[in-house]
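Scroll down for the structure; my scribbles are underneath it.
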Amino acid sequence: MEALSQFLSHYLIYIVMGLSIVTALGIVFSKNAIHSVIAMLFTMILVAGIYLLFDSEFLAAVQLLVYAGGIIVLFLFVVLLVALHKLENLRLYNTYSLVSVILVIALIVLLGATFYAMPFGEAPKVVHNIIAGGSTEAVAMTLYTKFILPFEIASVLLLVALIGAIILTKARTEQ
Amino acid sequence: MIPISHVLIYSVILFSIGVLGVLIRRNALIMLMSLELMMNAANVNLIAFSRYLDNVAGQVFAIFVMCVAASEVAIGLAIAVALYRNKNSIQIDHFNELKG
């Protein structure tokens, strides 16, 4: 039973990674913007699964709430708001797409080879600081003691973004 | 656990797909989604190193990245809506007023 769960957890992460790469390609290459949004939803859910497999339950939950619950809905509203059906006959890609694809493949090969050759150590079998099965407490302790000032600054940043978004989208009543 | 170099290579691929989306697409909304993809690739790295170094700080940093990503999306989509109202388009090469 131990061996089976070891095997499953070892190969499950490769399966989730492969699926998320496929859905990420779906974001970039789908013709319809709604299909891109749906592909992004699946990508975010799969990335949350990767977090779960790395013993970060709290971050997986936050990923689902913030991305799958909030940001995707926001994207969906805007995609429906801007009437993309009028743009269907236009070109999807830029004129220099081929150069971009070559550059991106070069980036993958260069960085991939670098990371593959780099001697990283073995993964620890047991984690103490990230308590397996309950990392929320550990994250909260670090966030509210060591990182309390960045946390407050982040709250101000979110407030400013909220007010800015409202002002930008507010229809002009005068003029 | 799988070797961390595999996680890094996966995150390079995810990041590069995001770069590709920003470079080749003409739709501003798809470009914003590709930006989100890049931030997620960075987050995967943070979480993986947090697990491998047994240090919670990586997860806290990932929370901050998500916070910045959320505010960036709110502002970016607001700008997209404002641009659509003015120019009736969100194709990125229709916005060329600053061209000299």
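Numbered from 1 within each chain, the chains take letters A, B, ... in sequence-line order. Side chains are part of it too, since the values below use all heavy atoms of this structure and drop only hydrogens, waters and symmetry mates.
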request  = Evaluate the ring planes of B/His6 and A/Tyr116, with Trp represented by its six-membered ring, and classify them as parallel (under 30°), tilted (30 to 60°) or perpendicular (over 60°).
outcome  = parallel

message = How long is the straight-line distance from OG1 of A/Thr142 back to CG of B/Asn55, given to the nearest 0.5 Å?
response = 7.5 Å

key: Over all atoms of both residues, closest heavy-atom pair of B/Ala74 and A/Leu74   = CA-CD2, 4.3 Å

Toward chain B, the part of A/Ser30 with a non-hydrogen atom under 4.5 Å = backbone

task = Measure A/Val47 against the heavy atoms of chain B and call it side chain, backbone, both or neither at under 4.5 Å.
result = side chain

inquiry  = Any non-hydrogen side-chain atom of B/Val60 less than 4.5 Å from a side-chain atom of A/Tyr144?
reply    = no

request  = Measure across A/Val28 and B/Leu20 and return the closest heavy-atom pair with its distance rounded to 0.1 Å.
outcome  = CG1-C, 4.5 Å

ask   = Do A/Tyr51 and B/Asn43 come close enough that some side-chain heavy atom pair is under 4.5 Å?
value = yes

query = What pair of heavy atoms forms the shortest contact from B/Ser5 to A/Phe115, and how long is it?
reply = CB-O, 3.4 Å

key: Between CD on residue A/Gln63 and CD1 on residue B/Ile63, distance to nearest 0.5 Å   = 11.5 Å

query = Is the distance between the ring centroids of B/Phe61 and A/Phe147 under 6.0 Å?
reply = yes

ask   = What is the distance from atom CG of B/Leu77 to atom CG of A/Leu168, rounded to the nearest 0.5 Å?
value = 11.0 Å

request  = Name the region of A/Met40, side chain, backbone, both or neither, that has any atom closer than 4.5 Å to a heavy atom of chain B.
outcome  = side chain

Chain A contact via B/Ile92 - side chain, backbone, both or neither, heavy atoms under 4.5 Å = neither

note = When the 4.5 angstrom heavy-atom criterion is applied to A/Ile50 and chain B, the contacting part is side chain

message = Using every non-hydrogen atom in the two residues, find where A/Ala24 and B/Ile17 come nearest and quote the distance to one decimal.
response = O-CG2, 3.6 Å

query = How long is the span from the CZ atom in A/Phe75 to the CE atom in B/Met33, to the nearest 0.5 Å?
reply = 5.0 Å

request  = Identify which part of B/Val7 has an atom lying under 4.5 Å from any heavy atom of chain A, answering side chain, backbone, both or neither.
outcome  = both

request  = Can you see which heavy atom on A/Thr169 is nearest to which on B/Arg85, and at what distance?
outcome  = O-NH2, 3.0 Å

Between CG on residue B/Leu37 and OG1 on residue A/Thr43, distance to nearest 0.5 Å = 6.5 Å

inquiry  = Less than 4.5 Å to any heavy atom of chain A: does that hold for the side chain of B/Leu14, its backbone, both, or neither?
reply    = side chain

inquiry  = Less than 4.5 Å to any heavy atom of chain B: does that hold for the side chain of A/Met44, its backbone, both, or neither?
reply    = side chain

Nearest atoms (heavy-atom pairs only) where B/Arg26 meets A/Tyr93 = CD-O, 3.2 Å

key: Hydrophobic cluster of A/Leu103, others only, ordered by chain and residue number, side-chain cut-off 4.5 Å   = A/Val99

inquiry  = If I measure from the heavy atoms of chain B, does A/Phe77 come under 4.5 Å with its side chain, its backbone, both, or neither?
reply    = neither

